[in-house]
There are 2 protein chains.
Amino acid sequence: MRDLESRVSDEHHQALKLWLRLLSCTTRVEGVIRNRLRAQFETSLARFDLLAQLEREPQGLRMSELSQRLMVTGANVTGLTDQLEAEGLVRRAAHPGDRRAFAVRLTSRGRRQFRRMATVHEEWVIELFSALGAKQKDSMYALLGDLKQHVTAVDGRAPSRRKANRAKEHAA
Amino acid sequence: MRDLESRVSDEHHQALKLWLRLLSCTTRVEGVIRNRLRAQFETSLARFDLLAQLEREPQGLRMSELSQRLMVTGANVTGLTDQLEAEGLVRRAAHPGDRRAFAVRLTSRGRRQFRRMATVHEEWVIELFSALGAKQKDSMYALLGDLKQHVTAVDGRAPSRRKANRAKEHAA
DNA sequence: TATTGTTATACTCTATAACTATA
DNA sequence: TATAGTTATAGAGTATAACAATA
């Protein structure tokens, strides 16, 4: 009885501890990257993610496609695109075949700028994760895969509607 | 030559992939918890974290101590405390020995409410992490420990000043 | 002077809802 | 009607800076 209870209690504690550490790690890494993006490129993660989507689609993306990929509402995409267009990194081109839509594309300046940022960004990530060896990275990647799959399923069947969260799947 | 390059390239890709999956997992879990806290208790993570700090300190905490522990500025603590005090969960008591300061404490209603939330919160976390067995949780916890230590060191010596990020170390 | 806390203001990222132009 | 995108507004969470009261 006592053993069972304490085992359960330990597992509870274990899940909570793991979650808090996971959150703490992610927050720290994200903070470093956010700060460096701002300090060195005067940009934000949301803008970086939008550029990353466009970099993979030379023919351009509609606003609605960006909205889906970034998992944010259309209004937000409008705002981010406005900023990036004002900076000359992005252009709303006419969409062939649908006069309601745009084909949002990187400008050549935007492409150069994104590539510069992506290179440095990758170096930061490598540096930040250099505490782990290749096998450890593989191991964590696999564990997170299991977690992600389960959490996605839980979120999908949850009573509360799924909320939009950033995708950040850019360079994946 | 080719081998070396491709190995490096793979490791680069590996770190980036790992980071994106880590971010994706954390964002999803955090989203679920945030939505449920809002749907079931009409509260936020920041308020929950503040209550968690107070729950561990029956004698109360100064605003400045809350600011340090939550790693946010004093102005934010003022705002959160205002909200929680308006909800009757928290009280600014006179601080014995320093008339500039308060001893912020849970009210008995706040304590009951926090315990209710903390119980359910823990159940959510256990559910969300149930895809991993005890050994897997231990393994991930250890890996994240290495990562955290390294990232903290990197952040500390980074050129850009460390920015405030939520602590969320409450029930740890 | 230095510290504690508040107020005022602003920025980023996000959301919803009402609207326009086109399909 | 339905869809693509914009505008207007709001809210959470965060920051900085100027200020009052006290140490």
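Numbered from 1 within each chain, the chains take letters A, B, ... in sequence-line order.
Mapping D98(B) and N76(A) onto DNA chain C by nearest heavy atom places D98(B) at the nucleotide closer to the 5' end. When each of G74(A) and R100(A) is assigned the nucleotide of DNA chain D bearing its nearest heavy atom, the one mapping closer to the 5' terminus is R100(A).
Taking the ring centroids of F41(A) and F48(A), they lie at or beyond the 6.0 Å cut-off.
Separating the CD atom of E30(B) from the P atom of dC13(C) is a distance of 16 Å, rounded to the nearest angstrom. Rounded to whole angstrom, the span from the CZ atom of F102(A) across to the C1' atom of dT3(D) amounts to 14 Å. Atom pair R47(B):CZ and dG13(D):P shows a separation of 7 Å (rounding to whole Å applied). L70(A) places its CG atom 12 Å from the P atom of dC13(C), with the value rounded to the nearest Å. The nearest whole Å value for the distance from the NE2 atom in H95(A) to the C1' atom in dG5(D) is 13 Å. Rounded to whole angstrom, the span from the CG atom of D82(B) across to the P atom of dG5(C) amounts to 13 Å. For the pair L66(B) CG and dT14(D) P, the computed distance is 13 Å after rounding to whole Å. Spacing between atom CG of L50(B) and atom P of dG13(D) amounts to 12 Å, rounded to whole angstrom units.
Under the 3.5 Å distance criterion, the side-chain polar atoms of Q14(B) are matched with a main-chain donor or acceptor of A134(A).
Within 4.0 Å of R92(B), counting heavy atoms only, lie sugar-phosphate atoms of the nucleic acid but no base atom. Here S64(B) lies in heavy-atom contact (under 4.0 Å) with sugar-phosphate atoms only.
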**OP:** Please lay out, stage by stage, how R69(B) and E57(B) fare under the test salt bridge (charged side-chain N to carboxylate O under 4.0 Å, His left out).
**Re:** CA-CA 12 Å; R69(B) 295 195 184 198; E57(B) 304 287 350; 3.2 Å; yes
**OP:** Apply the test side-chain hydrogen bond (donor to acceptor under 3.5 Å, both in side chains) to residues T152(B) and R28(A): give CA-CA distance (whole Å), side-chain angles for both, the deciding distance (0.1 Å), then the verdict.
**Re:** CA-CA 7 Å; T152(B) 301; R28(A) 279 184 152 83; 3.0 Å; yes
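OP1 or OP2 of dC13(C) has at least one side-chain nitrogen or oxygen of S44(A) nearer than 4.0 Å. Considering only side-chain N and O atoms, T73(A) lies nowhere under 4.0 angstrom from the phosphate OP1 or OP2 of dT14(C). Side-chain nitrogen and oxygen atoms of R99(B) include none within less than 4.0 Å of the OP1 or OP2 phosphate oxygen of dA21(D).
In the set dG5(C), dT7(C), dT16(C), dG5(C) carries the atom at the smallest distance from any side-chain atom of R62(B).
Taking the centre and axis of the six-membered ring of Y141(B), the NZ or CZ atom of K17(A) falls inside the cone set by 45° and 6.0 Å.
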